[in-house]
Novice: 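Submitted below is the structure of interest, expressed as structure tokens.
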Amino acid sequence: MSVLIVIPARYASTRYPGKPLVELTGANGDKLTLIERSWRAACAVQGVDRVVVATDDDRIQTAARGFGAEVVMTSQSCANGTERCAEAHAALGGGYEVVVNLQGDAPLTPHWFVEDLVAGLRAAPEMGLATPVLQCDGDTLNSLLKDRAEGRVGGTTAVFGQDHSGLYFSKEVIPFCAERFEGDAPTPVFHHVGVYAYRPDALADYPSWPVGPLEQLEGLEQLRFLENNRKILCVEVEARGREFWELNNPEDVARIEAMMVKMGKN
């Protein structure tokens, strides 16, 4: 299956304006922008035919071309990354069997998350899209709960059925769990990893649907699929000892930099 990775990036982030161009310091002291680190993560994925950055901002275009990325300019009317991926795929002439949306705020995404995701979608022809979920350990769950208690969104959680089709995604920590966990103890909570793999027909349909109340409330683009009765395959991935976190807030910069130092990631 031919695979295209699109990295949607916009400058005017509501929670963190200019986020794609924020510099992150690696273990060796090198400073690279968030968008470059996300692009490097995409280029490490095996079995991919093409990687592009999709943006509507000249500053991001200049930065991305400066480190060697292919850039597709998209319109400012794109409401989210999925719409931007749909527009980028169309601008490239279509033809890819799988389009991966690797959001530009996830520089710690291991290559096997995306590889497992594409394999999961390939094995489920009845599904129009798939997304990875990672079982939280006690430390990760407590970080999510701490962020919510302090009024921040630290990440998104997912619940899914026995067939691994998504039931709901939320910026709240779901499901509710009265028990407390510590350290590396496994928990019943799954962290949603902000990566999607779409079949072209599902991706092409998405922009034609209106924003529903759940998407509006949560600010989560994938809920538009559920609100239009489209199944989402949740592919469980393994951390393999790697730490994972997305850059959603300015406070996340120090957290991600500390993770990179711990992992020896330059």
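In this text, all values refer to a predicted model and were calculated from it rather than measured experimentally.
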Novice: Parallel, tilted or perpendicular: which describes the rings of W39 and F67, with under 30° parallel and over 60° perpendicular?
Specialist: tilted
Novice: Using a distance-only test with no angle check, is there a side-chain donor-acceptor pair under 3.5 angstrom linking T55 and Q61?
Specialist: no
Novice: Taking the six-membered ring of Y96, is NZ or CZ of R50 closer than 6.0 Å to its centre and within 45° of its axis?
Specialist: no
Novice: What pair of heavy atoms forms the shortest contact from P8 to Q103, and how long is it?
Specialist: CD-CA, 4.2 Å
Novice: If you apply the rule salt bridge (charged side-chain N to carboxylate O under 4.0 Å, His left out), what do you find for E97 with R199, and how did you get there?
Specialist: CA-CA 6 Å; E97 296 170 276; R199 297 189 191 280; over 6 Å; no
Novice: For a side-chain contact (heavy atoms from CB on, under 4.5 Å) check, start with the C-alpha distance between V159 and F169, then their side-chain angles and the critical distance, and finish with the verdict.
Specialist: CA-CA 7 Å; V159 290; F169 300 82; over 6 Å; no
Novice: Strictly by modelled atom types, are Q135 and T187 linked by a side-chain donor-acceptor pair under 3.5 Å?
Specialist: no
Novice: Which pairs count as side-chain hydrogen bond (donor to acceptor under 3.5 Å, both in side chains) when at least one residue sits in residues 232-245, sequence neighbours excluded?
Specialist: W245-D252
Novice: Are the side chains of Q222 and T131 in contact, using a 4.5 Å heavy-atom criterion?
Specialist: no
Novice: Please determine whether salt bridge (charged side-chain N to carboxylate O under 4.0 Å, His left out) holds for the pair E36 and R40, giving the CA-CA distance in whole Å, both sets of side-chain angles, and the decisive distance to 0.1 Å.
Specialist: CA-CA 6 Å; E36 181 170 357; R40 290 186 177 201; 3.1 Å; yes
Novice: Tell me the closest heavy-atom pair linking C177 and P188, and the distance in Å.
Specialist: SG-CG, 3.9 Å
Novice: Checking side-chain contact (heavy atoms from CB on, under 4.5 Å) for the pair I5/V52: CA distance, chi angles, key distance, verdict?
Specialist: CA-CA 6 Å; I5 293 183; V52 302; over 6 Å; no
Novice: Given 3.5 Å as the limit, does a donor-acceptor pair link the side chain of E182 with the main chain of D139, or not?
Specialist: no
Novice: Working note: E87 + T74, criterion side chain to side chain donor-acceptor pair (under 3.5 Å); need CA distance, chi angles, decisive distance, verdict.
Specialist: CA-CA 7 Å; E87 190 172 309; T74 51; 4.7 Å; no
Novice: More than 12 heavy atoms of other residues, nucleotides or ligands under 6.0 Å from NZ of K171: yes or no?
Specialist: yes
Novice: Does the side chain of L203 reach to within under 4.5 Å of the side chain of H89, using non-hydrogen atoms?
Specialist: yes
Novice: Are any non-hydrogen side-chain atoms of V253 and Y16 less than 4.5 angstrom apart?
Specialist: yes
Novice: Between M73 and D58, what is the shortest heavy-atom contact and its length?
Specialist: CE-OD1, 3.8 Å
Novice: For S38 and G104, indicate whether the former's side chain and the latter's backbone hold a donor-acceptor pair under 3.5 Å.
Specialist: yes
Novice: Less than 4.5 Å apart, any side-chain heavy atom of R224 and any of N80?
Specialist: yes
Novice: Return yes if some donor-acceptor pair links the side-chain N/O of D201 with the main-chain N/O of G128 below 3.5 Å, else return no.
Specialist: no
Novice: Are the side chains of T157 and H191 in touch, meaning some heavy atoms are under 4.5 Å apart?
Specialist: no
Novice: Is there a path of hydrophobic side-chain contacts, each under 4.5 Å between heavy atoms of I/L/V/M/F/W/Y residues, joining M259 to V22?
Specialist: yes
Novice: Specify the closest pair of heavy atoms between G154 and D147, including all atoms of both residues, with the distance to one decimal.
Specialist: CA-OD2, 3.2 Å
Novice: Taking the inter-plane angle between the rings of Y198 and Y196 on a 0 to 90° scale, is it parallel (under 30°), tilted (30 to 60°) or perpendicular (over 60°)?
Specialist: parallel
Novice: Just by distance, with hydrogens left out, do S165 and D163 show a side-chain donor and acceptor under 3.5 Å apart?
Specialist: yes
Novice: Relative to each other, are the rings of F190 and F160 parallel, tilted or perpendicular (30° and 60° limits)?
Specialist: perpendicular
Novice: Mind listing the closest non-hydrogen atom pair of L233 and A124 along with its distance?
Specialist: CD2-CB, 3.9 Å
Novice: So, T62 side chain and R59 main chain: donor-acceptor pair closer than 3.5 Å or not?
Specialist: no
Novice: Would L129 and V100 show up in the same hydrophobic cluster when neighbours are defined by side-chain heavy atoms closer than 4.5 Å?
Specialist: no
Novice: Has D105 got a side-chain atom pairing as donor or acceptor with K19's backbone, closer than 3.5 angstrom?
Specialist: no
Novice: Tell me whether D184 at atom CG has more than 12 heavy atoms from other residues, nucleotides or ligands lying less than 6.0 Å away.
Specialist: no
Novice: Is there side-chain contact between D57 and R10, with at least one heavy-atom pair below 4.5 Å?
Specialist: no
Novice: For salt bridge (charged side-chain N to carboxylate O under 4.0 Å, His left out), just list the numbers for R37 and E23, CA-CA rounded to whole Å, side-chain angles, deciding distance to a tenth of an Å, and then say yes or no.
Specialist: CA-CA 9 Å; R37 291 193 180 278; E23 291 186 329; over 6 Å; no
Novice: Take a 6.0 Å sphere around CD of Q76 and say whether it holds more than 12 heavy atoms from other residues, nucleotides or ligands.
Specialist: no
Novice: Decide yes or no on side-chain contact (heavy atoms from CB on, under 4.5 Å) for L117 and V237, but give the supporting numbers first.
Specialist: CA-CA 8 Å; L117 180 64; V237 293; 5.9 Å; no
Novice: For the residue pair I232 and M127, establish whether any side-chain heavy-atom pair is separated by less than 4.5 Å.
Specialist: no
Novice: Hey, mind stepping through I256 and L24 against side-chain contact (heavy atoms from CB on, under 4.5 Å) and telling me if it holds?
Specialist: CA-CA 8 Å; I256 290 175; L24 296 171; 4.3 Å; yes
Novice: Looking only at non-hydrogen atoms, find the nearest pair between L108 and K265 and report the distance.
Specialist: CD2-CD, 4.0 Å
Novice: Side chains of D205 and S208: is there a donor and an acceptor less than 3.5 Å apart?
Specialist: no
Novice: So N266 and L32, do their side chains get closer than 4.5 Å, heavy atoms only?
Specialist: no
